[in-house]
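For reference, the structure discussed in these notes is given below.
The structure displayed is predicted, hence computed values, not measured ones. Order of the sequence lines fixes the chain letters, A, B, ..., with proteins taken first and strands second; residue numbering starts at 1 for each chain.
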Amino acid sequence: MEPIKTITSRAISLPMDDIDTDQIIPARFLKVTDKAGLAANLFSDWRYNADGSPKPEFLLNQSAAQGAHILFTGNNFGCGSSREHAPWALTGFGFNAVVALSFGDIFRNNSLKNGLLPIQVDAATHQRLKDLLDEVPRSEWNIDLEAQTLNTPDGESVHFEIDAFSKTCLVQGSDELGYLISFADQVKEYEVSHHKGVTT
Amino acid sequence: MGSPLTLFQKVWNEHLVTQQPDAPGILFIDLHLVHEVTSPQAFTSLRARGLVVRRPDRTIATVDHGVPTLPSKDGTVEGRLAWADELCRKQIAQLEENAKTFGIRAYGPSSTNNGIVHVIAPEMGLTQPGMTIVCGDSHTSTHGAFGALAFGIGTSEVEHVLATQCLLQHQPKTMEVRIEGKLAKGVTAKDIILALIAKIGVSGGIGYVLEYCGSAIRALSMEERMTICNMSIEAGARAGMIAPDEVTYDYIKGREYAPKGAEWDKALAYWKTLPTDDGAAYDHSVTLDASSLEPMITFGTNPGMGIPVSGKIPTAAAFTDESQKAGLEKSLAYMGLDAGSSLLGHPINVVFIGSCTNGRLSDLQEAASIMRGRKVADGVRALVVPGSQQVKRQAEAEGLDIIFKNAGAEWREAGCSMCIAMNGDQIAPGEYAVSTSNRNFEGRQGKGGRTLLASPLTAAAAAVTGCVTDVRTMLES
């Protein structure tokens with residue numbers, strides 16, 4: 001995983017609520033056994049006509065989306081299925097951060113493991129950012145992960161929360177498995193004393 | 001005597017290996033369920049790192065998402081898989097290969113215990129109270145019906161559990177969902193959960209583990225409780241749990257992997273310590289009156305967009321929030337439905353009875369009770385897909401398959417089928433399906449398809465009338 005310290009990019013907006021992972025990457029594209037190539041089908045059913053041609057009015061088909069690293073969206077982004085193909089497709093397209101009112105729980109966990117920073121903002125901030133993008137589409141934002149700030153061209157700076165552990169993993173580009181493995185001895189000890197209420 | 005604890009807190013505390021400062025807790029996982037769609041990349045990474053599966057004895061694999069449900073072309077397993085496309089066949093073969101390489105017990109397409117992961121684990125007695133259970137599938141919440149802490153994880157986390165039998169977890173908050181009262185005739189567990197999600201919304205449970213309690217929950221069978229917990233994720237919750245009781249113990253006893261003899265007594269004594277203590281505090285509480293519920297049906301493109309079957313689709317005036325108004329408008333445009341209208345009598349094209357939500361024996365019995373002696377309406381395609389091969393055998397032993405076939409419905413092999421539409425079972429663009437599954441997202445059951453979620457009773461009623469119907473008008477008095 002590439003380390004993330006700062007992200008500077010125009011933000012593009014899909015401001016609706018409850019965008020589920022079936023929209024982000026429909027189930028028929030989950031028949032893969034690797035992670036490659038999913039970006040081509042990111043938001044496939046919103047992005048392409050039945051004949052496979054791109055829908056020009058859809059955000060990802062517009063020039064503003066090309067090279068954008070920040071996606072702005074509504075409440076409960078990434079709800080639904082646990083498919084990690086969703087963050088794989090988003091990062092494959094080039095996104096490194098999603099700014100939302102809230103996130104689907106499993107999607108949020110999956111994002112943090114794939115160099116996709118989920119930034120949750122409060123309702124007032126969300127409205128301000130939405131207005132800003134309405135006024136100045138393609139406005140360039142700066143995210144400073146170490147300082148935990150989202151900085152916008154109107155001079156505002158918003159503090160966002162991220163747990164210390166996830167932040168360290170993202171900033172260092174390290175994955176969580178190494179950390180887990182380092183506790184192998186404690187796990188072994190736990191297994192010896194663990195309530196044997198299960199027979200598998 | 002410590003302070004009173006909730007069911008969730010007890011299971012959490014029991015499984016916390018360590019909690020380091022400024023880090024998530026390390027949670028031990030008792031049972032890891034693996035299927036063909038979300039595991040290949042985890043096994044690939046495991047191989048690349050030179051790691052092994054730490055506890056193959058606590059890991060169970062099945063294939064369900066991509067398996068064809070059409071009858072075998074020649075009676076063999078190969079003849080069944082011949083219906084699958086090349087990519088599905090490759091995923092299935094890869095799962096079997098990974099299971100073999102890493103010493104994991106797999107219930108492949110040739111196994112008599114094959115089926116949807118959330119149907120087979122409980123029916124084999126693998127799902128037990130007080131366990132931690134994970135799977136790369138969001139409907140893992142199903143297993144919470146037994147008083148287990150069970151939730152869906154992503155593929156990276158599948159790899160974590162394969163390698164370490166542990167997960168990094170921040171402790172979620174707890175929400176009491178108290179459901180009191182007696183259900184009216186024709187109103188089922190599915191209607192309870194659809195009504196709850198309509199009430200708290202699809203993001204209402206984010207950050208919480210729900211604990212369902214109250215007299216209405218106590219009165220439910222295990223299969224009904226599984227239907228409720230299954231859809232906890234549709235409210236955004238991390239998990240849903242129900243404290244174990246005699247209904248739970250009776251269900252588990254005697255199943256293949258249930259504890260036996262002295263082990264049973266020991267396990268039972270532990271399970272009885274699990275229910276939430278008197279006076280334990282939840283972070284939040286909601287209530288629902290079961291006696292006031294009607295059969296529910298969804299009209300929109302998320303599971304929270306549900307109404308009583310006799311009700312009307314809301315208008316924008318029902319919402320103050322602009323983004324909710326926009327969401328309603330977008331949903332109704334996709335669904336081809338009008339705000340303020342009733343769904344009763346709305347023609348439908350397809351009925352799907354099955355899935356990890358409603359693909360168990362009692363679900364099929366309910367559907368059959370409506371289809372018995374009736375015919376699927378002209379122009380309607382009805383698909384009945386048992387949740388597992390075991391459910392299929394039980395249903396056939398009772399003659400349910402004959403009832404469905406006589407009615408003109410298709411009786412299929414077990415699998416996820418039209419719930420996720422990866423295996424070729426799907427609806428066509430613009431078609432309306434009344435479905436007993438769990439998600440009505442745009443395109444979920446086939447690109448451009450429109451899903452109305454409902455109970456097996458309501459789905460069966462729609463199959464025979466050809467339109468959205470209040471099943472209560474069809475019940476024998």
Salt bridge A:K35-A:E84, side-chain N to carboxylate O under 4.0 Å: no
Heavy-atom pairs under 4.5 Å with chain B, option from A:N110, A:D105, A:I181, A:T168 with the top count: A:D105
Are the side chains of [Y] and [X] in contact, using a 4.5 Å heavy-atom criterion?
| X | Y | value |
| --- | --- | --- |
| B:H32 | B:L162 | yes |
| B:Q128 | B:Y270 | no |
| A:W46 | A:K55 | no |

With only heavy atoms counted, which part of [X] is less than 4.5 Å from chain A, the side chain, the backbone, both or neither?
| X | value |
| --- | --- |
| B:Q41 | both |
| B:A23 | both |
| B:D85 | side chain |
| B:H15 | both |
| B:I153 | backbone |
| B:D22 | both |
| B:Q445 | neither |

Lys/Arg cation over aromatic B:F319: B:K325, 6.0 Å, 45° cone: no
Test side-chain contact (heavy atoms from CB on, under 4.5 Å) applied to B:V209 - qualifying residues, sequence neighbours left out: B:F8, B:L149, B:P172, B:R238, B:A239, B:M241
Salt bridge (charged side-chain N to carboxylate O under 4.0 Å, His left out) between A:D22 and A:R83, intermediate numbers included: CA-CA 9 Å; A:D22 273 87; A:R83 61 192 70 167; 3.3 Å; yes
Please look at [X] and chain B and tell me whether the side chain, the backbone, both or neither of the residue comes under 4.5 angstrom of a heavy atom of that chain.
| X | answer |
| --- | --- |
| A:N109 | side chain |
| A:F29 | neither |
| A:E176 | both |
| A:E189 | neither |
| A:K167 | neither |

Residue pair A:I12, A:L60: steps toward the side chain to side chain contact (heavy atoms under 4.5 Å, CB included) verdict: CA-CA 9 Å; A:I12 59 168; A:L60 294 196; 4.2 Å; yes
Options B:V202, B:I233, B:L51, B:T38, ranked by heavy-atom pairs under 4.5 Å with chain A, top entry: B:V202
Max heavy-atom pair count under 4.5 Å with chain A, selected residue of B:Q165, B:Q426, B:K330: B:K330
Chi angles and distances behind the salt bridge (charged side-chain N to carboxylate O under 4.0 Å, His left out) call for A:K31, B:E36: CA-CA 9 Å; A:K31 299 177 185 180; B:E36 79 275 25; over 6 Å; no
Close aromatic pair by centroid cut-off 6.0 Å: A:Y48 and A:F58: no
Positions in residues 115-129 of chain A that reach chain B, provided some heavy atom is under 4.5 Å away: none
